[in-house]
Amino acid sequence: MPELPEVETTRRGVEPHCVGHRVRRVIVREPRLRWPVPEQLACVLPGQVITAVERRAKYLLFRTAAGSLLVHLGMSGSLRMVAPDAPLRRHDHIDVLLEGGVCLRYHDPRRFGCFLWSAAGELHPLLENLGPEPLSREFDGQHLYYRSRRRKGPIKNFIMDGKVVVGVGNIYANEALFQSGIRPDRAAGRVSQARYERLAENIKQVLTTAIEHGGTTLRDFVGGDGRPGYFAQQLFVYGRSGQPCKRCGCPLRELRLGQRSSVYCVTCQH
DNA sequence: CGCTGACCCTGACGGC
DNA sequence: TGCCGTCAGGGTCAGC
């Protein structure tokens, strides 16, 4: 999946095909996702007009008068618009058929994603306790600095904690730390406010650039319109363990933090 | 409250 | 060719 740029690219891809359209039918072929797909969905959604497609963290929210369809793509999920008679591939788990003859199709080999329902006026529990959006004004160096005091865990885990800030996945956490010259295993509480200012700017910059590039660094990602995101993002560290640092030439090193690979340059990052 | 590790699943890839 | 272990973009949850 999709890091935040891929989710945003998906949102932009499907939005124009969904907004203003009425749902005709929901077909759930495989309900066993991260959480079981509620049976309620197939009853509640048909007849509803999709009024907006929004994103909060890496969740996509399809708004209707009755409530919201909450979709997460997990590690391997994708959503695309297809013709209703488009041939099914393996792992095409859900179809949301719209009036006007289009179909929103959910594909997810690993089934770590979810399709959930949230009634109108209710905030889904999964969306409670989420930190600010990384591209919002509320998210800045001061926020990171204050939230990090007395935290002993690695800064990389800290910026990937959704209660601190949402949408910073493994790839962009590695990249933003490299751009900021901070080692991923440094204790979060031992980074100055000045460095957090830089880090917040770099997180914004890295995510913004990725979104502009259509979101992908990943081979199997397919945008909402079904076309792969074109430009492979210029990655400085992620996936480059052992290769020379693009800035100083030293071989990049790798370590594991929270069961996720972290690549960094011993010379450029402290 | 903060942190660690287990866990949910399939598929791709490397080594033998 | 095949089998086996390892790893992969995410996030929640239990337990200390």
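Throughout, protein chains are lettered first and strands after them, A, B, ... in sequence-line order, and every chain is numbered starting at 1. Atoms considered below: every heavy atom in the structure, side chains included; atoms not considered: hydrogens, waters and symmetry mates.
Separating the CG atom of A:Asp161 from the C1' atom of C:dG11 is a distance of 11 Å, rounded to the nearest angstrom. Distance A:Tyr146 OH to B:dC1 P: 20 Å, rounded to the nearest Å. One atom, CD of A:Glu128, and another, P of C:dC13, lie 11 Å apart when rounded to the nearest Å. Rounded to whole Å, atom P of B:dC9 lies 14 Å from atom CZ of A:Arg90. In this entry the distance linking CG of A:Leu4 with C1' of C:dG11 reads 14 Å, nearest Å. In this entry the distance linking CG of A:Asp92 with C1' of B:dT10 reads 15 Å, nearest Å. To the nearest angstrom, C1' of C:dT12 lies 14 Å from NZ of A:Lys58. Taking atom CZ of residue A:Phe112 and atom C1' of nucleotide B:dT10, one finds them 8 Å apart after rounding to whole Å.
Less than 4.0 Å separates DNA chain C from at least one heavy atom of each of the following residues of residues 30-40 of chain A: A:Arg34, A:Trp35.
Taking a 4.5 Å side-chain heavy-atom cut-off between Ile, Leu, Val, Met, Phe, Trp and Tyr, the cluster of A:Leu116 extends to A:Trp35, A:Tyr59, A:Leu61, A:Leu70, A:Leu123, A:Leu126, A:Leu127, A:Leu130, A:Val166. Clustering of Ile, Leu, Val, Met, Phe, Trp and Tyr side chains at separations under 4.5 Å places A:Leu252 together with A:Phe178, A:Phe236, A:Val237, A:Val263.
Partners of A:Ser136 by side-chain contact (heavy atoms from CB on, under 4.5 Å), not counting sequence neighbours, listed by chain and number: A:Pro132, A:Glu133, A:Glu138, A:Phe139. Evaluation of the side-chain hydrogen bond (donor to acceptor under 3.5 Å, both in side chains) rule for A:Arg149 yields no partner, not counting sequence neighbours. Qualifying salt bridge (Lys or Arg N to Asp or Glu O under 4.0 Å) partners for A:Arg186, counting only residues two or more places apart in sequence or in other chains: none. Taking A:Ser118 as the reference, nothing meets the side-chain hydrogen bond (donor to acceptor under 3.5 Å, both in side chains) condition, with sequence neighbours excluded. Applying the side-chain contact (heavy atoms from CB on, under 4.5 Å) rule to A:His21 yields the partners A:Leu98; only residues at least two apart in sequence or on another chain are considered. Every side-chain hydrogen bond (donor to acceptor under 3.5 Å, both in side chains) that A:Arg247 has, sequence neighbours left out, goes to A:Gln179.
Annotation: side chain of A:Arg34 is not in contact with side chain of A:His72 (no heavy-atom distance under 4.5 Å). Side-chain contact between A:Ile50 and A:Arg63 is absent, with no heavy atoms from C-beta onward closer than 4.5 Å.
With the 3.5 Å cutoff on both pairing distances, Watson-Crick and G-U pairs in DNA chain B assemble into runs of at least 3 at B:2-8 with C:10-16, B:10-16 with C:2-8.
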Distances for protein N or O near nucleotides 14-16 of chain C N or O, under 3.5 Å:
none

Can you tabulate the close N/O pairs, meaning under 3.5 Å, that link protein atoms to atoms of nucleotides 5-8 of chain C?
from: C:dA8; atom 1: OP1; to: A:Ser261; atom 2: OG; distance (Å): 3.4
from: C:dA8; atom 1: OP2; to: A:Arg256; atom 2: NH2; distance (Å): 2.7
from: C:dA8; atom 1: O3'; to: A:Tyr238; atom 2: OH; distance (Å): 3.4
from: C:dA8; atom 1: N3; to: A:Arg110; atom 2: NH1; distance (Å): 3.2

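Side-chain nitrogen and oxygen atoms of A:His91 include none within less than 4.0 Å of the OP1 or OP2 phosphate oxygen of B:dT10.
Annotation: A:Arg240, atom CZ; neighbour count of heavy atoms from other residues, nucleotides and ligands within 6.0 Å is above 12. For A:Arg190, the CZ atom counts as loosely surrounded, since its 6.0 Å shell holds 12 or fewer non-hydrogen atoms of other residues, nucleotides or ligands.
For the side-chain contact (heavy atoms from CB on, under 4.5 Å) with A:Phe115, the qualifying choice from A:Val26, A:Val28, A:Leu69 is A:Leu69, the only one to do so.
Closest to the side chain of A:Tyr59, from the set B:dG11, C:dG11, B:dG2, is C:dG11.
Nucleotides B:dG5 and C:dC7 have their P atoms positioned 15 Å apart, rounded to a whole Å.
A:Glu6 and A:Thr10 are not linked by any side-chain donor-acceptor pair at a separation below 3.5 angstrom, with hydrogens and angles left out of the test.
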